[in-house]
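For reference, the structure is listed below as structure tokens.
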Amino acid sequence: MTELETWYTRNDAYLSAALAWLRLRLDLQIQRLTAKSTPAAGQSIESGGQVPSEPPALRWGFFKRTVSDTATDIKDKPLLPPPSEAATNEARLKEASASLAAASEGEPPPALLILSQRLGLSDFERDILLLCLGMELDTRITALCARAQDDANRPYPTFALAMVLFDAPAWEALSPERPLRYWRLLEISQPGAQPLTTSALRADERIVNYAKGLNYIDDRLAPMLSPLPQVLADTLPLSQQAVVKSVVGILSTPRNPGPVILLGRDRESKRRVAAAIGVALGLHFYRLPADMLPTHVGELENLARLWQRDSLLSPLALYIDAYDTEKGNGGDAIQGRLARFSVRTGGLVFVDSREGTASWLDGAFSVQVDRPTPSEQRSLWQTALGEQAQEIPDLLSGQFNLNQEDIAAIVIQAQLTDAPAQLKDRLWQQCLLKTRPGMDHLAEKLDAKATWDDIVLPDQDIGLLRQVAAQVQVRTRVYDDWGFRARMNRGLGISALFAGDSGTGKTMAAEVLANALDLDLYRIDLSAVVSKYIGETEKNLRQVFDAAENGGAILFFDEADAIFGKRSEVKDSHDRYANIEINYLLQRMEAYRGLAILATNMKSALDSAFMRRLRFIVNFPFPGVAERKRMWERVFPSETRTEQLDHDRLARFNLTGGSIHNIALGAAFLAAQNDSAVTMPLLFEAARTEFRKLDRPINEADFRMVKPVGVNA
């Protein structure tokens, strides 16, 4: 038999002894009532021979009075059983008490004694609770309660009955501040003007089951809670093990440190660290979303009381998820409820918060929890892949910023995927899916199709683009293996500015980099990011950077001068907040781990402080004749049928690559309508349309067909 099975056997034996003791108490009270209501032989009763019942004050034990003080109309009426019967009852009660005391021995003690100790019940309060438990555990108690109160309409426990049944009765047991009512151990049914002392009592269902040895989360709490998985500290990366050790040391001191605020952007890492702290302290963590806290003060107080009760009855700790709680949009109200709840619950409370948003919690201390470092991520990849590792850990840890659980899940998914691609490619695609940012309302995912063969730029600018791609690929070697990360606290990301007129190839260059690096490309919708409301722009920008922080995306800010413009002189509050937005953006650009590309048509409009923080500046000049000729030579797909195209003649049109693409596409549609090949006349017709769109003058001499030499009219 296991230790748990042995304890269940002892607990059942204790309850059996306690119920036997309780039934005897009720039997003795019934005997006293019977003796008081039945005259002895040779005794006379005045007032028609009726013996009045014992006054309530005497029966309930509120005051110590003699019979002569209260029952002046009773003559020579015996109030107690005969001496022989009294001795027998005393012996029976002593024997039952001894059996109960014997059943109470052993470690751990029975559940009812554990509950009494942890919730601070007196002996009298524990006996009241036992009386209510008896109603649920023994069907005989119902009838005994009615007879013990000499009232068939009261087949239930009351405070009045408890006062007369048990030793050392105390009126304070009825107080809302005493454990029976404070911890909601009893439910009191008090209809209308019925006195509290004669109202029906019922044990809370959670307490009944606890006394039977069934320990679980209260049903009123369970729908709002979800358990955190058990995590051993030595299974975490070393940087997170250090956090666990530090927090456990603080929490092991006698001083109550108050709520523990977990800061950081990776929610899963914070949960695993909290779970490991719970294991080290012998506690089980349950997660509660902050937005599920009741709005009504009474409901909030009841929830706090129930949780505190459960945390005293079981080794529990609370993990409040307040990551998305912030000022504005109802966040103030949630923060107020969270502050009150964390104070009222007592016990160990962790709060998952974004950077600094829970600093208003009284008595709290903050702990920074980050994802594993790049070197730790590389070790996690190596451990998960085993002999299949090869160069894959360096590749994946260099690009993606993932936590321990994500890495394990990605490896399992890639190994189970039945795909013809190599393991490295499957892992890469799974990483992209895992890190795909959830910012559809702020950004547009571009389907990058352009390659190095498609883009036409001067050799110097092509070289800069290739440097951008190369730095993204080898940054882990430089930052970690060569020690630069230890000397740098910002600027670990790679940022590039693409400056040039519209249509010169900035977006295409971003697509080329996305294809070369095999990453997703997101164009930030500035109309959705920039807000007229104070603080909203920073909030939207934070969502963009946080969503893309894991490394699976390239951020492409088109027309960046709209938000990265020069800071202005502060003349009013709007200027001040506009400058705050720019300052925030500069800081996030430096802290951003991935590749961010900014495109602008007006390089001179950008803030000079921002320009200094850029790693690369790539100029996209207006294409010359040679560049335009190469564009015309590459503009048509191989599947498009063309005839006698004069690329030198087309290159004379002073156009950007974007306009050349538009003309080629327009000519292709004209050819499709005529079911013919793309010819020079069709290209000229499409070019006229493009010139009119650009409000450019049309010189017909430029569009006149030149006949080849030797061809007759």
Side-chain angles (χ1 to χ4, degrees), residues 2-4 7 108 215-217 222 225-254 256-257 259-289 307 310-321 323 347-353 365-389 393 396-397 400-416 434 550:
T2 65
E3 292 184 5
L4 182 60
W7 180 86
N215 200 6
Y216 59 88
I217 293 294
L225 302 174
S226 57
L228 294 186
Q230 297 282 294
V231 176
L232 297 176
D234 56 8
T235 63
L236 296 175
L238 291 177
S239 59
Q240 296 179 359
Q241 289 185 33
V243 175
V244 172
K245 183 178 180 181
S246 173
V247 176
V248 168
I250 295 173
L251 296 178
S252 299
T253 59
N256 183 6
V260 180
I261 304 175
L262 298 179
L263 302 177
R265 297 194 183 101
D266 186 41
R267 305 168 79 170
E268 186 59 38
S269 290
K270 288 187 282 188
R271 292 172 188 170
R272 292 181 63 83
V273 166
I277 293 172
V279 171
L281 296 175
L283 301 172
H284 298 278
F285 266 100
Y286 279 82
R287 172 179 169 269
L288 171 68
W307 170 260
D310 266 22
S311 65
L312 291 172
L313 296 179
S314 305
L316 301 178
L318 189 61
Y319 185 95
I320 302 179
D321 190 347
Y323 185 83
L348 182 58
V349 177
F350 279 31
V351 179
D352 177 4
S353 172
F365 74 95
S366 300
V367 178
Q368 182 71 31
V369 180
D370 296 316
R371 289 186 182 91
T373 65
S375 60
E376 289 173 343
Q377 291 183 40
R378 179 166 53 188
S379 298
L380 291 171
W381 283 113
Q382 289 173 339
T383 302
L385 291 170
E387 297 179 354
Q388 299 173 299
L396 299 180
S397 62
F400 301 100
N401 188 23
L402 298 170
N403 58 47
Q404 184 177 7
E405 186 168 309
D406 287 341
I407 290 174
I410 287 171
V411 171
I412 293 174
Q413 187 65 32
Q415 291 174 339
L416 293 177
K434 176 64 71 174
N550 293 345

Q: Decide yes or no on side-chain contact (heavy atoms from CB on, under 4.5 Å) for L281 and V248, but give the supporting numbers first.
A: CA-CA 7 Å; L281 296 175; V248 168; 4.0 Å; yes

Q: With side-chain contact (heavy atoms from CB on, under 4.5 Å) as the test, would you mind laying out the steps for V231 and V279 before giving the verdict?
A: CA-CA 7 Å; V231 176; V279 171; 5.5 Å; no

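Y319 approaches R267 most closely through the heavy-atom pair OH-O, 4.1 Å. Residues S397 and P374 share a closest heavy-atom pair of CB-O, 3.8 Å. Across all non-hydrogen atoms, the minimal contact from Q377 to L402 is OE1-N, 3.0 Å. Across all their heavy atoms, N403 and P372 have their closest contact at CA-CD, 3.9 Å. Scanning all heavy atoms of the two residues, the minimum distance from G282 to P315 falls at O-CB, 3.2 Å. Shown here for A275 and L228, the closest heavy-atom pair between the two residues is CB-CB, 4.4 Å.
Atoms OG and CD1, from S314 and I217 in turn, are 6.5 Å apart once rounded to the nearest 0.5 Å. To the nearest 0.5 angstrom, I407 atom CD1 is 11.5 Å from F400 atom CZ. We find the CD-CZ distance between Q230 and R272 to be 12.0 Å, quoted to the nearest 0.5 Å. Here the CG-CG distance, from L318 to L283, works out to 11.5 Å after rounding to the nearest 0.5 Å. Here the CG-CG distance, from L396 to N401, works out to 12.5 Å after rounding to the nearest 0.5 Å. Between R371 atom CZ and K270 atom NZ the span is 10.0 Å, to the nearest 0.5 Å.
Taking 4.5 Å as the limit, every side-chain heavy atom of I277 sits out of range of all side-chain heavy atoms of V243. You'll find the side chain of Q413 stays beyond 4.5 Å of the side chain of K434, heavy atoms only. Residues F350 and V273 are not in side-chain contact: their nearest non-hydrogen atoms beyond the backbone lie 4.5 Å or more apart. For the pair D310/Y286, no side-chain contact is recorded, criterion being any heavy-atom separation below 4.5 Å from C-beta on. At least one side-chain heavy atom of V260 sits less than 4.5 Å from a side-chain heavy atom of L251. Side-chain contact check for L288 versus W307: every heavy-atom pair is 4.5 Å or farther apart. Contact of the T373 side chain with the L238 side chain is not registered, since no non-hydrogen atoms from C-beta on lie closer than 4.5 Å. Two residues are said to be in side-chain contact when any heavy atoms from C-beta on lie closer than 4.5 Å; P237 and Q404 meet this criterion.
Judged purely by atom type and a 3.5 angstrom limit, T253 has no side-chain atom pairing as donor or acceptor with the backbone of G249. In this structure, S246 contributes its side chain and A242 its backbone to no donor-acceptor pair below 3.5 Å.
The side chain to side chain donor-acceptor pair (under 3.5 Å) contacts involving residues 231-241 comprise S239-E376, Q240-S269, where partners must be two or more places apart or lie in separate chains.
Scored by the salt bridge (Lys or Arg N to Asp or Glu O under 4.0 Å) test, R378 finds D394, D481 as partners (sequence neighbours excluded).
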